[in-house]
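First the structure, in the form of structure tokens, and then the observations on it.
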Amino acid sequence: MIIPGMTPKQGKVRDCYDFGDSLLLVSTDRISAFDWILPTPIPDKGRVLNQMAEFWFAMLGVENHLMTTDVTKMPFPPGTDLSQFAGRSMLGKKCHVVPIECVVRAYLSGSGWKEYQQSGTVCGIKLPSGLRESDPLEQPIFTPATKAEEGHDENISFEQMVETVGADIAEELRQRSIDIFQKGSDYAKTRGIIIADTKFEFGLLDGQIMLIDEVLTPDSSRFWPADQYEPGHGQPSYDKQFVRDWLLATTWDKNSPPPALPDEIVSKTREKYVEAFTKLTGKQLVV
């Protein structure tokens, strides 16, 4: 994607263009795993993320940064090819980003399961003994993490979050995160999907807290098909765990550039993302 005369700030998946009082977030088809951007893109993945986030922003009804996803209403300079941005871009209000990943977990999985096996805790929160992998928790728990520009986010305690952003904002973000998660999770279950965990990002604009970036997408969440859920082991998923599993089965050492994905893995991964979008939104992806 090219905007004449502008250079984006690039993340693992998104390109961000600064338009002064607004930001253009472009969801590319890049996919990352184990802190590496893989050399093979997943066709339409960016459209899935963008259009799913747009759905959730409207459905959740919480204050958020989204201004428009209509490229004809965005301040592109003359000569920009709008077709490359259609369906994968959102213009958002520029906020002061709160430097915390607001993670909510409702099931015992991922890094939480690894920690629980060692200490009986998740991010320092004591859980009942005897839980199995993928077991539901008694209630969703809030487990913040630092936002890493590069590399992996690091889990921190709520007390550390308070030291970083202050008690009032920390308490507000914890409650908002759990409330948003619960509303999204309850809806997803009616569509046959379990949201095991997710992460939210928030920003401040004129003292008001806003939900920003993406929300409840396959990149920021762990989506499980409800009809295949069976605790006691890892679950089939609609997220990029499919790609991670393939990488783990190769000889790649995670310290050198990752291998290209085979066509079959690319096709199946795209299929997973699009299926999750269709199930959750009831819409067809606009490509």
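What you see is a predicted model, and the numbers here were worked out from it, not measured in a lab. The residues of the chain are indexed from 1 along the displayed sequence.
- Linking ILVMFWY side-chain heavy atoms closer than 4.5 Å, directly or via other members, places I31 and V13 in a single hydrophobic cluster.
- One distance of note links CZ of R176 with CG of L211; it measures 9.5 Å at 0.5 Å rounding.
- Annotation: the span from F55 atom CZ to K283 atom NZ amounts to 6.5 Å, rounded to 0.5 Å.
- Counting only distance, with no hydrogens or angles, the side chain of E133 and the backbone of W113 share no donor-acceptor pair below 3.5 Å.
- A donor-acceptor pair under 3.5 Å is absent between the side-chain atoms of E275 and the main chain of Y238, judged by distance alone.
- Checking side-chain atoms of E115 against main-chain N and O of C123 turns up a donor-acceptor pair under 3.5 Å.
- Linking ILVMFWY side-chain heavy atoms closer than 4.5 Å, directly or via other members, places M52 and V26 in two distinct hydrophobic clusters.
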Please test E171 against R174 for salt bridge (Lys or Arg N to Asp or Glu O under 4.0 Å), starting from the C-alpha separation and ending with a verdict. CA-CA 5 Å; E171 289 286 358; R174 174 164 63 180; 2.9 Å; yes
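- Not a single donor-acceptor pair under 3.5 Å links the side chain of Q139 to the backbone N or O of L137.
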Given side chain to side chain contact (heavy atoms under 4.5 Å, CB included), test M161 with L173 step by step and report yes or no. CA-CA 10 Å; M161 179 179 174; L173 293 186; 3.9 Å; yes
Below 3.5 Å, can you tabulate the donor-acceptor pairs from side chains in residues 88-98 to any protein atom, sequence neighbours excluded?
from	atom 1	to	atom 2	distance (Å)
R88	NH1	S27	O	2.7
R88	NH1	D29	OD1	3.1
R88	NH2	D29	OD1	3.4
R88	NH2	D29	OD2	3.3
S89	OG	F85	O	2.7
K94	NZ	D18	OD1	2.9
K94	NZ	D18	OD2	3.0
K94	NZ	G20	O	2.5

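- One N or O on the side chain of Q51 and one on the backbone of G87 form a donor-acceptor pair closer than 3.5 Å.
- Enclosure of atom CG in L205 by more than 12 non-hydrogen atoms of other residues, nucleotides or ligands within 6.0 angstrom is indicated.
- Residues L24 and I3 approach most closely at CD2-CD1, 3.9 Å, considering heavy atoms.
- Contact check for L285 versus Y273: no side-chain heavy atoms found under the 4.5 Å cut-off.
- For the pair S220 and V215, the minimum side-chain heavy-atom distance is 4.5 Å or more.
- Each of K12, K45, R14 was evaluated against D219; a single residue qualifies, K45, per the side-chain hydrogen bond (donor to acceptor under 3.5 Å, both in side chains) test.
- Taking hydrophobic clusters as Ile, Leu, Val, Met, Phe, Trp and Tyr residues chained together by side-chain heavy-atom distances below 4.5 Å, F142 does not share a cluster with L108.
- In this structure, the side chains of P258 and F34 stay at 4.5 Å or more apart for every pair of heavy atoms.
- Applying the salt bridge (Lys or Arg N to Asp or Glu O under 4.0 Å) criterion to E201, with sequence neighbours excluded, gives K147.
- Using modelled atom types, one side-chain atom of T250 and one backbone atom of L247 make a donor-acceptor pair closer than 3.5 Å.
- The shortest distance between side-chain heavy atoms of S221 and D239 does not fall below 4.5 Å.
- Considering all non-hydrogen atoms of both residues, D44 and R270 come closest at OD2-NH2, 2.7 Å.
- Not one N or O on the side chain of K199 forms a donor-acceptor pair closer than 3.5 Å with the backbone of E101.
- To the nearest 0.5 angstrom, I125 atom CD1 is 11.5 Å from S119 atom OG.
- A single hydrophobic cluster is seen to contain both V104 and V162, as judged by linkage of ILVMFWY side chains at heavy-atom distances under 4.5 Å, directly or through other members.
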Where do S32 and K240 land on the side-chain hydrogen bond (donor to acceptor under 3.5 Å, both in side chains) test, with the steps shown first? CA-CA 9 Å; S32 65; K240 59 186 176 183; 3.2 Å; yes
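- Y107 does not carry R222 over the face of its six-membered ring by the limits of under 6.0 Å from the centre and within 45° of the normal.
- Although no hydrogens or angles enter the test, the distance criterion places no donor-acceptor pair under 3.5 Å between the side chain of W36 and the main chain of P257.
- R30 places a side-chain N or O within donor-acceptor distance of the main-chain N or O of G11, the cut-off being under 3.5 Å.
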Check step by step if side-chain hydrogen bond (donor to acceptor under 3.5 Å, both in side chains) holds for Q182 and D186. CA-CA 6 Å; Q182 197 66 65; D186 289 347; 3.2 Å; yes
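- Considering every non-hydrogen atom in both C16 and L25, the closest pair reads SG-CD2, 3.7 Å.
- Note that OH of Y17 is 8.0 Å distant from OG1 of T7, once rounded to the nearest 0.5 Å.
- The shortest side-chain heavy-atom distance between E214 and W56 does not fall under the 4.5 Å cut-off.
- For D263, the CG atom is loosely surrounded, since the number of other residues' heavy atoms within 6.0 Å does not exceed 12.
- In this structure, CZ in F202 is found 4.0 Å from CD1 in I180, a value given to the nearest 0.5 Å.
- Taking every heavy atom of both residues into account, D135 and Y229 meet most closely at CA-OH, 3.9 Å.
- Across every non-hydrogen atom of V266 and P43, the tightest pair is CG1-CD, 3.5 Å.
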Please test I100 against I169 for side chain to side chain contact (heavy atoms under 4.5 Å, CB included), starting from the C-alpha separation and ending with a verdict. CA-CA 11 Å; I100 297 291; I169 289 180; over 6 Å; no
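- Residues L49 and P218 are in side-chain contact: their nearest non-hydrogen atoms beyond the backbone lie under 4.5 Å apart.
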Begin from the C-alpha positions of Q284 and T278 and carry the test side chain to side chain contact (heavy atoms under 4.5 Å, CB included) through to its verdict. CA-CA 6 Å; Q284 293 299 311; T278 303; 4.0 Å; yes
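- In this structure, a donor-acceptor pair under 3.5 Å is absent between the side chains of T68 and D70.
- Residue F223 is grouped with residue Y187 when hydrophobic side chains (ILVMFWY) are merged at heavy-atom distances under 4.5 angstrom, including chains of intermediate members.
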If you apply the rule side chain to side chain contact (heavy atoms under 4.5 Å, CB included), what do you find for T217 with V48, and how did you get there? CA-CA 8 Å; T217 72; V48 169; over 6 Å; no
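- Within 6.0 Å of CG on D206 lie no more than 12 heavy atoms contributed by other residues, nucleotides or ligands.
- For S256 (side chain) and W252 (main-chain N/O), no donor-acceptor pair under 3.5 Å exists by modelled atom type.
- Here the side chains of D253 and N255 are in contact, with some heavy-atom distance below 4.5 Å.
- K279 approaches I193 most closely through the heavy-atom pair CB-CD1, 4.0 Å.
- A heavy-atom distance below 4.5 Å is found between the side chains of I42 and L261.
- Once rounded to the nearest 0.5 Å, the distance linking CG of N64 with CZ of F57 reads 5.0 Å.
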